[in-house]
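Structure record follows, encoded as structure tokens.
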Amino acid sequence: MVPRTSVHLASYAAAAESGKLSSILVAPRPNYGSLEKFLKNDCKSGKIHIKDAVGHFDNMLHMQPPPPTSSFNLFLGAVAKTKHYEDVISMYYRMVAINYSTDFITLNILINSFCSLKQVGFGFAVLGGILKRGYSPNVVTITSLIKGLLVEKKINEAVRLFKKMVELGYRPHIKTWGTLINGLCRTGNSERALLLHQEMSKGNVLFGVPFRPNLISYSMIIDGLCKEGLVDKAVKVFLDMKEKRIYPDVVVYCSLVHGLSDAGKWEEAKAFFNEMVDQGIRPNVVTFNVLINALCKEGKIEEASRLLDLMVQRGEKPDSFTYNTLMDGFCLEGKVDNARHLFVSMAAKGEERDVISYNILINGYCKCGRIDDGWSLYKEMLQKDYKPTVITFNTLLTALFREGKVGDAQELFGEMQRCGVTPNSSTFNILLDGFCKNNCLAEAMELIQLLEKTGHELTIEIFNCVIDGLCKGGKLEDATKLFVSLYPKGLVPTVVTYSIMIHGFCKNGQLEKANNLFLEMEKKGCFPNVVTFNTIMRGFCDNNDAPQVVDLLQKMAEKHISPDLSTISLVVELLSKDGKFYEYLNLIPTFSTRSDEK
DNA sequence: GTAGGGTTAG
């Protein structure tokens, strides 16, 4: 066991420099002076590079006598700040493996690393270790665990832990509140975060603890609301913030401009942008990126390009986001050659391409049917040592299936796993959808079974896709079997699932079954939408059951479901049936939307 | 020495 030492590093440095330690030092001779400089300057300011970190760690680990645990904590904390949590964890275990001493802080850093990697279970295991070693968890420990629960979307457990900590007499730190609010916002619970925030700003003491909202808490909520598409609410919160004399900065404006332009409220977005400039807040590279992205999504690629020129003129250096966004903008317009040109010029302008640049361009090629060009880019990225991501593979798989190249897709899926890239739920959706659309239903069923066996969480969307494939492949019985197996699996059919099944029954002439399902879904609390209505009405229409269609149209009107183009063409068809135009015309209801009624 | 904020891709 390496003895724990309280001797400060400076004395090591002094001893080393005076040469007194030279006889016991192992080669290569450690440089305590430079270690201390490294810890104090680079680690504290967070300016370390992961590539150097591993080397420093090796040096530290083999110094004789060993640096104190606090130096390792400083170092591990700095590595954690670079978000290389896997490295933190492996370094911790290397310390443990040689019996190096660790302390409470080391364990807190370890918990935070596990929690940030969505491994809250391991986080709690480390908590067990903390207690076993006789330490007491502190606010930092619990804050990390709350974050861990939140990133795994265990919202109620996180709130419960928060309440528990207050009950136990811990005073949440401002960062604890921040973690809770941020976690809620990032998991699509911004409104819940907002309620919490409002309670706090009223000066109400929540869970016995006062808290004053600040720029950061407002910023997280405004951004969260924007991301959930609740932009009007976000604007209200923004105004409320200003009323409280908390002054928005470039970040808050950026969130708002982004949210509003994503919601298509381009004029409002522009107004906030102008307000920001009027306030003397300088747009930064991120602001420009958001604007460029908005223009690209609007199809205004020329304007977006001009904005790039403008930002360069203003001395704001475009980054990889800027180029990637513009590249994607070109691809969206089908101008993949322009995107390629940008891709080439990026390197010339000294901007490093990244995996995302490749993904965007590969996607651009695949979308316009130039799958071979996409493929050779994939080969190029491998050759240049860029590690393809799950998105790279998903993009190529989608394209291969669309071209009907099932064998190539299967081969690529194998390659993906050999590369160590873990498929995600989109990958499985693509595979299942691809199998179904290419009439490989046996493969689809086999994959479903494999996924279930390996404990993959299968979503209702995946089943929708397979059930649809089975229906369209004429295997209605298998589809029905799969449909009824959903409930025991704990999956709730959605309006899409019902619509697929209803479509299947209708196509098979089993209108009674279709209608029963249609009636049943509502009883189960799943309400038909315009697609469901169109589907079943189409069934009755094709079966020359006009009264049923009329009946359903009336139901649809009662439910204030707006007809779409399919509905209209159905009605036209109905009116031309049996020469009973006028008879049916009188029965067609008037549709109104809820907003009409107000 | 450890815990909280904004932009891009399938």
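For clarity, every value in this text was computed on a predicted model and none was experimentally measured. The chains referred to below are lettered A, B, ... by the order of the sequence lines, with proteins before strands, and numbering in each begins at 1.
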note: L397(A), atom CG; dG10(B), atom P; distance rounded to Å ~ 15 Å
Base, sugar-phosphate or nothing for D328(A)? Non-hydrogen atoms, less than 4.0 Å.
sugar-phosphate
Between I391(A) (CD1) and dT8(B) (P), how many Å, whole number?
12 Å
Closest of dA9(B), dG4(B), dG5(B) to the I174(A) side chain is dG4(B)
Phosphate-side-chain proximity, K227(A) and dT7(B), N/O vs OP1/OP2 below 4.0 Å:
yes
Whole-Å distance separating the OH atom of Y358(A) from the P atom of dG10(B):
19 Å
Roughly, in whole Å, what's the span from CD1 in I146(A) to P in dG4(B)?
12 Å
Considering only dG10(B), dG4(B), dT8(B), which nucleotide approaches the side chain of N293(A) most closely?
dT8(B)
Is any side-chain N or O of H173(A) closer than 4.0 Å to OP1 or OP2 of dT2(B)?
no
When you measure from the side chain of T69(A) to the backbone of S101(A), do you find a donor-acceptor pair of N or O atoms at a distance under 3.5 Å?
yes
Trace of the side-chain contact (heavy atoms from CB on, under 4.5 Å) decision for V251(A) with D223(A):
CA-CA 9 Å; V251(A) 176; D223(A) 188 58; over 6 Å; no
Cation-pi check for Y386(A) against R353(A): NZ or CZ below 6.0 Å from the six-membered ring centre and within 45 degrees of the axis, yes or no?
no
I'd like to know if the side chain of E228(A) reaches the main chain of S190(A), judged simply by a donor and an acceptor atom lying under 3.5 Å from each other, with no hydrogens or angles considered.
yes
Under 4.0 Å, counting only non-hydrogen atoms across every strand here, what does N112(A) touch: a base, just sugar-phosphate, or nothing?
sugar-phosphate
For a quick check of understanding: with a heavy-atom distance under 4.0 Å over all strands, which category does L396(A) fall into, base, sugar-phosphate or nothing?
nothing
Which is true for I216(A) with a 4.0 Å heavy-atom rule: it touches a base, it touches only sugar-phosphate, or it touches nothing?
base
Considering only dT7(B), dG10(B), dA3(B), which nucleotide approaches the side chain of H258(A) most closely?
dT7(B)
Test of ring centre spacing under 6.0 Å for Y253(A) and F238(A):
yes
Give one of base, sugar-phosphate or nothing for D354(A), where a contact means two heavy atoms less than 4.0 Å apart.
nothing
Over all strands shown, is S70(A) touching base, sugar-phosphate only, or nothing at heavy-atom distances under 4.0 angstrom?
base
Contact class for V355(A) vs. all strands (heavy atom < 4.0 Å): base, sugar-phosphate, or nothing?
nothing
Are the aromatic ring centres of F72(A) and Y100(A) under 6.0 angstrom apart?
yes
Mind checking N424(A) for me? I need base, sugar-phosphate or nothing, with any heavy atom below 4.0 Å counting as a touch.
base
In whole angstroms, how far is the P atom of dG4(B) from the CG atom of N108(A)?
12 Å
Nucleotide nearest I109(A) when distance is taken to its side chain, options dG10(B), dT8(B), dT2(B)
dT2(B)
Is D249(A) side chain donor-acceptor paired with the dG5(B) base, going by distance under 3.5 Å alone?
yes
Nearest-angstrom distance from the residue atom CG of N363(A) to P of dG10(B)
5 Å
With heavy atoms under 4.0 Å as the rule, sort N214(A) into base, sugar-phosphate or nothing.
base
With hydrogens left out and only the distance checked, is there a donor-acceptor pair under 3.5 Å joining T143(A)'s side chain and the base of dA3(B)?
yes
Among dT7(B), dA3(B), dA9(B), which is the nearest nucleotide to the side chain of F321(A)?
dT7(B)
Measure the distance from OH on Y378(A) to P on dG10(B) and round it to the nearest whole Å.
19 Å
What's I360(A) touching, base or sugar-phosphate or nothing? Going by heavy atoms closer than 4.0 Å.
sugar-phosphate
Report yes if at least one side-chain N or O of K297(A) is closer than 4.0 Å to OP1 or OP2 of dA9(B); otherwise report no.
yes
Does the ring centre of F435(A) sit less than 6.0 Å away from the ring centre of F401(A)?
yes
Within the 4.0 Å heavy-atom criterion, would you say V285(A) contacts the bases, only the backbone, or no part of the nucleic acid?
nothing
Whole Å only: how far is the NZ atom of K81(A) from the P atom of dG5(B)?
11 Å
Choose from dG5(B), dT8(B), dG10(B) the nucleotide whose nearest atom is closest to any side-chain atom of S426(A).
dG10(B)
